[in-house]
S.K.: 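After the structure tokens below, expect a handful of questions from me.
Scope of the values below: all heavy atoms of this structure, side chains included, with no hydrogens, waters or symmetry mates.
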Amino acid sequence: MMRKIYGWPLICFMSVVGMTTSLRAEKMAFPEEELARESVLPKFDVPNSVRNRNVVVEGRFELGGFLGKVTDEAVHSQDQMGFLGTYHINEVHGVNLSYGLMGTGVGDYAKTLNSEVNLDLSKTFGPKSVALVSYQLTAFYGKLSILKNLVVNTHIYGLAGVGSVMYDGLTALAFDFGLGQRFYLSKNFALRFDLKFVRYSGPNPIYRPSGRSQNQSKDDLRNGVLKIRDFESTTYMLTHLTGGLVFLF
Amino acid sequence: MKKIRVLGLLSESVRYFSLVILIITFIGVSKAQAQNEYGVRDQRLRNALSLYEKKQLLPAASALFSIRTRPELRPYRGLIYLTLGKIFLDLNFPQIAAWQFANVIMVNDQNYNKKALEYLSIAADKLGDETILNYAVSKMKVSEFPAQEKDMLFFRMGEIKFRNKDYKGAIEAFDRVTSDSSYSEMAQYMSGSSFAMLNDTGAAISKFEALLANKKRAITDSTRVSTLMALARAHYQRKDWRRSLEYYRRVPRDHTLWHNALFESAWANLRSARFRSALGTFHSLHSSYYDDFYVPESLVLRAIVYLYICKYDEVNKVVGLFERSYGDVQTRLTNFLRSTNDPKAYYDEVEHGLLMKKMIQSGGKPAEGRIPYRVIRNIIGKPDIERGLDYLRKLFIERQQLEKMSVGFLESPLGRYTVKLLIGRIKTAQKLVGIKAKIHMIYMRGELKDLDEQVSYLRYEMIGLQKDALKKKIAGQPVESPKIDDDSDRSYYVKNGYDYWPFQGEFWLDEIGNYFYVGKQSCAN
């Protein structure tokens, strides 16, 4: 379950910086014959991957805030900010709660549509917030060596749960799954990155009611007299990418 | 005329004499035909033996058992017990069989003694019971032993001589084991060990090297690993630390002997003045992976290395660790030894230790017995205790086999006798294991006491050296001599291509055995 992580894209740049240090390093003084020749592990009665852990999460709470983006949100703001809390039942299982407030307004794509084809989507309904309760399964505990001088412990976990996506006048049932990783700055503080896929049914911003022409639809949108029930329902599967700081206690 | 008469009388006498001889021969043949091949006249015995010949083993055993104490069959007791033993050997009850062969020797039947000894040694070899084996082997003459079992006899004779410290005799016996025998490798190993005991390390090394080169074995083959350890020890014995370390390093990590190799290599590193390497080894040995291991000597050794390189604070820490880790062990061991005499109580501790080990291996957290777990865990791993427990396991298997027999047999006099016999043997074997465990505990208590004294001496030395260093400091002399690598920081030790993980308190399984101490010595010139 627990592994040491030897590489991670997020710290690639650090490795590049680190290489310069490594290349400068002088020849090591250890005799070659004393270095390990085998990749097998010693046998113990209880062969845990790690003993005397730096970071123990069993029975601890985790609270923090995050910023993020809904990367495939086409119309409305992709920005998100919120807070989260986790209770770790043991080193493997935990329960995570997160609440994210979505940014207001429309996104760049919608602005482009407005300027190029005169389609104003600013009056359509976008999600206001997302609340999720997820089961968290911590599959890996490991460590990263940064510049060969600093060791950062890390947890990789999977998430799956239910929640709701709130609109003005509508609350949609949502399901989520994903994975995440915490990088520990100390035994109590960590950077947390989550990648979650959230599926729910919500209003389709492309307003095409039957019996109304394209121009009439545009006028409706511009005047902003629409209600959420006027929009057709569609299924979303959106990618939430968040990063934040958490405190464990 | 007279002459003719004399000749006539003579020829008549010869005729009569021939007739008498013929009659005697006839009677003899008739009698022989009335007996069987064992020369037995008693009908019950003949019937029992006939059943045995027809391979009706259990009825034959019952019949023999029922007549074994008949006074009129006293001359045949040797035969009865021998046959009973052979039956139980055929039925795969070596302990019950061994007892019957021992009975033959006890009734001292000269006709069957040799045969009984031969079978007794075979049964004892199956059981791994040293006591019976030693008894049988010590009474046997090599010339009387069947050719196919001679290798076993030589090997066991060698073992007995080795235990009696007759190493030359042991070498002779081990060397007589033929190379195609299943005992050959063990004999070669023991022969090498005997040379090492005689301090003839050259001969020991050649023996071990020949054994190592014998054939291609798996990396973790126990004979291969034991031979590597033996070679490392032989080189250590001849003070060739470098070669000794080479062999220790060849011991594979995924073999149980690797832990011993790690500890022993610390000694070799220390003797060859490789203090950094020794300290790296200690870092592994004193990790939490070894919490259950009994290695008090390694802590004292670590303190000695720190003293060598004038790291007085570290000496203090290690001494403190020794007192914390083994102070309680010493007290509990002493209390137990003082309050307990019954060997069964010692065996119970061994059994509890085995149970604990099993529970720990399956992720449980069992309660400790009266003896600290690390002590009992160490005792369980001792070869003599292992042999005793192995013998007990075989007895338990035999008892299980017996319990699977029909109710009719178990309720018969023979059935009751066999069950009683096995239970008795189990109790005796348990007591023997208990006694051996007690001896180990007494030795461990003595060892801890001895190490405790060494720790006190270390403290005394450390205070003296600290005082000297302080005096030098006051006098303005340099306390530490300048080192070549003074200007280098940790990055000096980092070479591209090797893993480098600064130690931050965690112990990772894949790092055990790979630690290197990168500190410097702090001694003044």
S.K.: Can you tell me which residue among B:Asp254, B:Thr256, B:Leu262, B:Ile512 is in a side chain to side chain contact (heavy atoms under 4.5 Å, CB included) with A:Pro42?
M.R.: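 So the option named by the test is B:Ile512.
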S.K.: Just wondering, more than 12 heavy atoms not from A:Arg60 lying within 6.0 Å of its CZ?
M.R.: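 More than 12 heavy atoms, drawn from other residues, nucleotides or ligands, come within 6.0 Å of this atom.
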S.K.: Once rounded to the nearest 0.5 Å, what's the spacing between atom CH2 of B:Trp508 and atom CG of A:Asn48?
M.R.: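 Answer rounded to 0.5 Å: 11.0 Å.
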S.K.: Check A:Asp45 with B:Arg377, please: is the shortest side-chain N to carboxylate O separation under 4.0 Å?
M.R.: yes
S.K.: Just verifying a value: how many Å separate B:Asp292 CG and A:Phe44 CZ, rounded to the nearest 0.5 Å?
M.R.: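 Taking CG in B:Asp292 and CZ in A:Phe44, the distance rounds to 10.5 Å.
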S.K.: A:Asn153 and B:Glu506: side-chain donor and acceptor closer than 3.5 Å?
M.R.: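 Yes.
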S.K.: May I ask you to check whether over 12 heavy atoms, not counting those of A:Tyr99, lie within 6.0 Å of atom OH?
M.R.: yes
